[in-house]
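Written out below as structure tokens is the structure these notes cover.
Note: hydrogens, waters and symmetry copies are ignored here, and every other heavy atom, side chains too, is used.
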Amino acid sequence: MSLFSRLFGKRPDDRAEVRPLWHKIVELSRDPAWYAECRVADTVPGRFDAITLVLSAVLLRMEREPALIPASARLTELFVDDMDGQLRQSGVGDIVVGKHMGRLMSALGGRLGAYREALAANDDTALAEAIDRNVSLADGGEPGLVAARFKALAERVDALPADRLLAGDFA
């Protein structure tokens with residue numbers, strides 16, 4: 001490969017493998033049941049909360065299988081790219097977008113830790129408390145209902161073989 005083609009040519013998409021999974025995560029986070037039945041707030045923060053719920057279930061599954069760790073990093077890159085684009089589209093300027101992204105990544109990391117701990121302990125109360133702290137709920141929203149739906153999703157994701165997970169082949 002020549003110098004010019006390396007500098008100006010198209011690089012292969014190293015995230016192509018996880019792109020179907022990312023699309024499935026976005027699709028599942030937009031499921032009206034999160035908003036109508038579980039009463040996740042149908043707002044920008046609520047939609048972020050829904051996407052981090054679904055993404056968390058997937059990332060927690062991926063971290064338990066060493067062969068999927070590189071794919072989980074690429075999946076997280078897609079999340080970052082998407083959130084960066086959403087921030088810019090909503091009018092956040094270049095100067096502060098990095099600070100906002102830092103907060104969003106910190107939020108994702110904190111949620112992963114809380115959900116990981118509660119799921120590992122099989123503690124529905126701790127999971128509902130983590131949901132209550134981390135998910136914007138509309139009036140009448142019940143953290144226990146969101147926690148039950150999240151736990152059911154996590155169990156479905158956990159049961160998938162790696163190839164089906166990466167293909168986003170689950171409901």
Side-chain angles (χ1 to χ4, degrees), residues 18 21-84 86-87 99-171:
V18 295
L21 177 56
W22 174 246
H23 291 301
K24 185 64 171 188
I25 289 167
V26 171
E27 175 190 327
L28 290 175
S29 72
R30 291 180 178 165
D31 183 344
W34 288 112
Y35 308 97
E37 296 167 21
C38 296
R39 307 287 297 150
V40 171
D42 194 4
T43 60
V44 171
R47 288 176 179 253
F48 174 79
D49 298 337
I51 204 161
T52 57
L53 276 170
V54 178
L55 179 61
S56 292
V58 171
L59 289 175
L60 292 172
R61 156 65 174 90
M62 294 176 93
E63 75 182 15
R64 287 190 295 278
E65 190 167 338
L68 290 176
I69 301 273
S72 72
R74 290 189 295 278
L75 181 62
T76 304
E77 290 171 2
L78 287 174
F79 168 75
V80 168
D81 285 352
D82 194 314
M83 293 302 109
D84 181 272
Q86 295 297 325
L87 286 169
K99 185 180 284 189
H100 284 284
M101 285 306 302
R103 280 192 228 123
L104 295 178
M105 291 307 294
S106 178
L108 176 62
R111 292 167 193 210
L112 279 168
Y115 301 154
R116 178 187 301 113
E117 192 174 296
L119 288 171
N122 199 24
D123 187 341
D124 293 341
T125 301
L127 185 56
E129 289 171 355
I131 296 291
D132 192 35
R133 285 190 311 273
N134 294 297
V135 176
S136 304
L137 298 174
D139 289 339
E142 175 55 46
L145 187 58
V146 178
R149 183 176 171 84
F150 171 71
K151 185 177 180 180
L153 174 64
E155 288 170 351
R156 283 195 319 273
V157 169
D158 282 349
L160 290 171
D163 61 329
R164 285 194 51 212
L165 177 71
L166 291 173
D169 185 18
F170 60 96

key: Close side-chain approach of Leu75 to Ile25, heavy-atom, < 4.5 Å   = yes
note = For residues 127-138, the salt bridge (charged side-chain N to carboxylate O under 4.0 Å, His left out) pairs (sequence neighbours left out) are none
query = Taking Arg61 for the side chain and Ala57 for the main chain, is one N or O donor matched with an acceptor at less than 3.5 Å?
reply = no
remark   = Result for side chain to side chain contact (heavy atoms under 4.5 Å, CB included) between Phe79 and one of Val26, Thr52, Leu59 points to Thr52
ask   = How long is the gap from CD1 on Ile131 to CG on Leu137, to the nearest 0.5 Å?
value = 8.5 Å
message = Quick check for you: to the nearest 0.5 Å, what is the distance between Lys151 atom NZ and Asp124 atom CG?
response = 3.5 Å
ask   = Got Lys24 and Leu28 here, is their nearest side-chain heavy-atom distance under 4.5 Å?
value = yes
request  = Can you tell me which residue pairs pass the side-chain hydrogen bond (donor to acceptor under 3.5 Å, both in side chains) test with a partner in residues 32-46, sequence neighbours excluded?
outcome  = Asp42-Arg47
query = Between CG of Asp169 and CG of Leu166, what distance do you get to the nearest 0.5 Å?
reply = 11.0 Å
message = I need the minimum non-hydrogen distance between Val18 and Ala71, along with the two atoms involved.
response = CG1-O, 3.6 Å
query = How close do Leu53 and Phe150 get, heavy atom to heavy atom, and via which atoms?
reply = O-CE1, 3.0 Å
From CG (Leu68) to CG (Leu165), nearest 0.5 Å = 6.5 Å
Closest non-hydrogen atom pair between Leu145 and Cys38, with its separation = CD2-CA, 3.9 Å
note = In this structure, CG of Asp123 is separated from CD of Glu117 (nearest 0.5 Å) by 9.0 Å
request  = Starting at CG of Asp158, measure out to CG of Leu60 and round the result to the nearest 0.5 Å.
outcome  = 8.0 Å
request  = Quick one: closest heavy-atom pair of Ala128 and Pro143, and the distance?
outcome  = O-CB, 3.4 Å
ask   = Ser56 and Leu108: which non-hydrogen atoms are nearest, and at how many Å?
value = OG-CD1, 4.0 Å
task = For Asn134 and Arg111, indicate whether the former's side chain and the latter's backbone hold a donor-acceptor pair under 3.5 Å.
result = no
inquiry  = Under 4.0 Å between a side-chain nitrogen and a carboxylate oxygen: does that hold for Glu77 and Arg74?
reply    = no
task = Please tell me if the side chains of Met62 and Val58 come closer than 4.5 Å, counting only heavy atoms from C-beta onward.
result = yes
query = Closest approach of Ala114 and Ala130, non-hydrogen atoms and distance?
reply = CB-CB, 3.9 Å
ask   = Would you call Val40 and Arg149 a side-chain contact if the rule is heavy atoms closer than 4.5 Å?
value = no
